*Asks:* 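Have a look at this one.
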Amino acid sequence: MSLGNPRFQYTKGLHDLGNGGYAWLQPDGGWGWSNAGLIVDGGESLIVDTLFDVPLTREMLSAMRKAEPKAAAQIKTVVNTHHNGDHCNGNECCQGAEIIAHKLAKEAMTHEPPQLLAGFLDFAPQLGDLGLFIKKAFGPFDFKGVTQTLPTTTFETEITRHVGGKLVRIMHVGPAHTPGDALVHVPADKVVFTGDILFIEGHPIMWEGPVENWISACDRILAMDVETVVPGHGPITDKRGVKAVRDYLVYVRNEARRRYDAGLSAFDAAQDIDMSDYDSWGDGERIVVNVATLYKEFSGDNTPNDAASLFGQMAAIAKAKGRL
């Protein structure tokens, strides 16, 4: 059963949510193909996230200016829901805007500049299956053309802005997917932009954890008076999509714990967990990262994940499933 909100088609481009709200969608929602949002009122505008590179962001901004020529002519505010480049690499395209992110998101951006992925792509031909995986995931994007543009305003718990007469609440719910995850809630429109707290019809990826924070973030959305939920990746959804992601996280947590207690390695556990109920969701190899992060949580290990090793394991899973 589709988790997409039946009011909206999952097609590339700008989708009118009503009352001055818009979502920019990029099917199929896999690696790097993120969503963004536009909120307008009273001739003012706020953008939720930019895209993975400059050409993609310029294309999006052009569509937004056509839809809202007055309000989107000059973007007043940008919110980055977290630090991953597919949600902030296009910040430079919004010259003069206030750029808001959680303080941990800004800090993480400084450690993961666009040039890092550009270097991985340059080196990919020498990396065998890992290189093929990196090329497939990130090859379509132009990281060398990005000038990293960091947030100008940071916050810790919550910050609010007004777009015209419309209140926008920006709330920290991380660490979960990443340290600085934030939700952007527009109460008057009954809309929430979730960043990568929600991957709809694609496997979420837990780089940070703890998992309970992510489950709590889903609970927070479920408790909101919202009808339209714009995820970081995938089709526009509603509370069914939120519940599906919550159920996924609970299931993977419980199954990983059983295998941790039985003494399986994280990689063996990732391959052993029955994920057949999620066969229709994209990027199934991310189970490797999710289990590795959960194992660290179970053991109290606070060291960062070895991203290179985990990408290698994801490449092995993708190849075994015929996706490489």
Side-chain angles (χ1 to χ4, degrees), residues 2-5 8-13 15 23-37 49-53 55-57 59-60 81-90 112 114 116-118 120-121 124 127 129-143 146 177-178 181 193-207 214 229-237 241 244-245 248-249 252 270 275-291 293 307 310-324:
S2 170
L3 295 172
N5 186 322
F8 306 101
Q9 295 216 327
Y10 188 34
T11 54
K12 181 184 175 180
H15 294 256
W24 180 264
L25 306 181
Q26 295 192 106
D28 62 358
W31 294 97
W33 298 109
S34 55
N35 299 330
D49 285 330
T50 57
L51 304 179
F52 219 174
D53 65 21
L56 287 172
T57 304
E59 178 188 13
M60 175 181 77
T81 57
H82 60 293
H83 77 275
N84 289 159
D86 52 337
H87 297 263
C88 62
N89 275 359
E112 295 184 20
L116 199 64
L117 270 176
F120 280 138
L121 281 170
L127 298 176
D129 289 342
L130 171 58
L132 290 175
F133 184 78
I134 290 171
K135 191 78 175 171
K136 183 179 179 185
F138 304 117
F141 308 102
D142 174 19
F143 303 118
V146 175
H177 166 65
T178 66
D181 300 309
F193 299 87
T194 73
D196 284 1
I197 288 298
L198 294 183
F199 292 73
I200 299 301
E201 298 180 359
H203 285 250
I205 185 164
M206 194 188 316
W207 287 116
W214 201 330
V229 180
V230 182
H233 295 258
I236 298 167
T237 190
V245 173
Y248 173 102
L249 295 168
V252 172
M275 298 302 294
S276 56
D277 284 350
Y278 299 97
D279 279 348
S280 65
W281 291 21
D283 303 311
E285 63 275 1
R286 291 174 177 166
I287 187 66
V288 166
V289 178
N290 297 338
V291 173
T293 300
L310 290 176
F311 267 102
Q313 291 177 1
M314 283 193 285
I317 294 280
K319 185 175 183 180
K321 299 285 187 181
R323 294 196 294 265
L324 194 59

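A quick note: this is a predicted structure, and the numbers were derived from the prediction, not measured. We use all heavy atoms of the structure for the numbers below, so side chains are in, but hydrogens, waters and symmetry mates are not.
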*Asks:* Donor-acceptor pair, Ser34 side chain versus His87 backbone, under 3.5 Å?
*Replies:*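 It does not hold such a pair.
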
*Asks:* Can you confirm if the aromatic rings of Tyr248 and Trp281 lie within a centre distance of less than 6.0 Å?
*Replies:*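 Yes, the ring centres sit under 6.0 Å apart.
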
*Asks:* Restricting to non-hydrogen atoms, name the atom on Asp283 and the atom on His203 that form the minimum distance, rounded to 0.1 Å.
*Replies:*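 Looking at all heavy atoms of both residues, the shortest contact is O-CB, 3.5 Å.
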
*Asks:* Counting only heavy atoms not in Tyr10, do more than 12 fall under 6.0 Å of its OH?
*Replies:*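 Yes, because the 6.0 Å sphere around OH of Tyr10 holds more than 12 heavy atoms from other groups.
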
*Asks:* Do Trp33 and Phe138 have ring centroids that are under 6.0 Å from one another?
*Replies:*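 Phe138 vs Trp33: aromatic centres not under 6.0 Å.
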
*Asks:* Could you check whether any side-chain heavy atom of Phe133 comes within less than 4.5 Å of a side-chain heavy atom of Trp31, counting everything from C-beta outward?
*Replies:*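 They are in contact (side-chain heavy atoms under 4.5 Å apart), so the answer is yes.
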
*Asks:* Going by atom types only, do Thr178 and Asp181 share a side-chain donor-acceptor pair under 3.5 Å?
*Replies:*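 Present: a donor and an acceptor within the cut-off.
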
*Asks:* Can any side-chain N or O of His15 pair as donor or acceptor with the backbone N or O of Thr11 at less than 3.5 Å?
*Replies:*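 The answer is yes, because a donor-acceptor pair under 3.5 Å joins these two groups.
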
*Asks:* In Å, rounded to the nearest 0.5 Å, how long is the span from CZ of Phe120 to CG of Leu130?
*Replies:*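 With rounding to 0.5 Å, CZ (Phe120) is 8.5 Å from CG (Leu130).
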
*Asks:* Is the gap between the ring centers of Phe143 and Phe52 under 6.0 Å?
*Replies:*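 Yes - the distance between ring centres of Phe143 and Phe52 falls below the 6.0 Å cut-off.
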
*Asks:* Decide side chain to side chain contact (heavy atoms under 4.5 Å, CB included) for Phe193 and Thr81; before the verdict, give the C-alpha distance in whole Å, the side-chain angles of both, and the deciding distance to 0.1 Å.
*Replies:* CA-CA 9 Å; Phe193 299 87; Thr81 57; 5.6 Å; no

*Asks:* With no hydrogens and no angle check, just 3.5 Å: does a side-chain donor-acceptor pair link Asp86 and His233?
*Replies:*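 Indeed, the side chains of Asp86 and His233 share at least one donor-acceptor pair under 3.5 Å.
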
*Asks:* Should Val229 and Leu198 count as side-chain neighbours, where that means a heavy-atom distance under 4.5 Å?
*Replies:*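 The answer is yes; the side chains approach within 4.5 Å.
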
*Asks:* For residues 315-323, run the donor-acceptor check on the side chains, cut-off 3.5 Å, and write out each pair with its distance to 0.1 Å, sequence neighbours left out.
*Replies:*
{"residue": "Lys319", "atom": "NZ", "partner": "Asp129", "partner atom": "OD2", "Å": "3.0"}
{"residue": "Arg323", "atom": "NE", "partner": "Glu285", "partner atom": "OE1", "Å": "3.4"}
{"residue": "Arg323", "atom": "NH2", "partner": "Glu285", "partner atom": "OE1", "Å": "3.1"}

*Asks:* Which heavy atom of Leu3 sits nearest a heavy atom of Ala244, and at what distance?
*Replies:*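 Looks like CD1-CB, 3.6 Å.
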
*Asks:* For the pair Trp214 (side chain) and Ile197 (backbone), establish whether a donor and an acceptor sit closer than 3.5 Å, ignoring hydrogens and angles.
*Replies:*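 It does hold such a pair.
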
*Asks:* Distance check, rounded to the nearest 0.5 Å: His83 atom NE2 versus Asp196 atom CG?
*Replies:*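 Taking NE2 in His83 and CG in Asp196, the distance rounds to 10.5 Å.
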
*Asks:* Are any of the side-chain heavy atoms of Ile200 and Val245 separated by less than 4.5 Å?
*Replies:*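 Yes, side chains in contact.
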
*Asks:* What distance separates Leu25 CG from Gln9 CD, expressed to the nearest 0.5 Å?
*Replies:*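 The CG atom of Leu25 sits 11.0 Å away from the CD atom of Gln9.
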
*Asks:* Rounded to the nearest 0.5 Å, how far apart are CG of Leu117 and CG of Asp142?
*Replies:*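 Taking CG in Leu117 and CG in Asp142, the distance rounds to 12.0 Å.
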
*Asks:* Is there side-chain contact between Met206 and Val289, with heavy atoms separated by less than 4.5 Å?
*Replies:*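 Not touching, per the 4.5 Å side-chain cut-off.
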
*Asks:* Verify, without hydrogens or angle tests, whether Glu112 (side chain) and Asn84 (backbone) share a donor-acceptor contact under 3.5 angstrom.
*Replies:*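 Such a contact is absent between Glu112 side chain and Asn84 backbone.
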
*Asks:* Is Asn89 reaching over with its side chain to a backbone N or O of Asp53, donor-acceptor style, under 3.5 angstrom?
*Replies:*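 No, because the side chain of Asn89 does not come within donor-acceptor range (under 3.5 Å) of the backbone of Asp53.
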
*Asks:* Might you work through the side chain to side chain donor-acceptor pair (under 3.5 Å) test for Asp49 and His82, ending with a clear yes or no?
*Replies:* CA-CA 9 Å; Asp49 285 330; His82 60 293; 5.1 Å; no

*Asks:* Quick one: does Thr50's side chain have a donor or acceptor within less than 3.5 Å of a partner on Thr57's backbone?
*Replies:*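 Answer holds: no.
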
*Asks:* Can you tell me if Asn35 uses its side chain to pair, donor with acceptor, with the backbone of Pro231 under 3.5 Å?
*Replies:*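 Side chain of Asn35 to backbone of Pro231: a pair is present.
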
*Asks:* Looking at Arg286 and Pro204, would you say the former's side chain and the latter's main chain have a donor-acceptor pair under 3.5 Å?
*Replies:*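 No: the side chain of Arg286 does not pair with the backbone of Pro204.
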
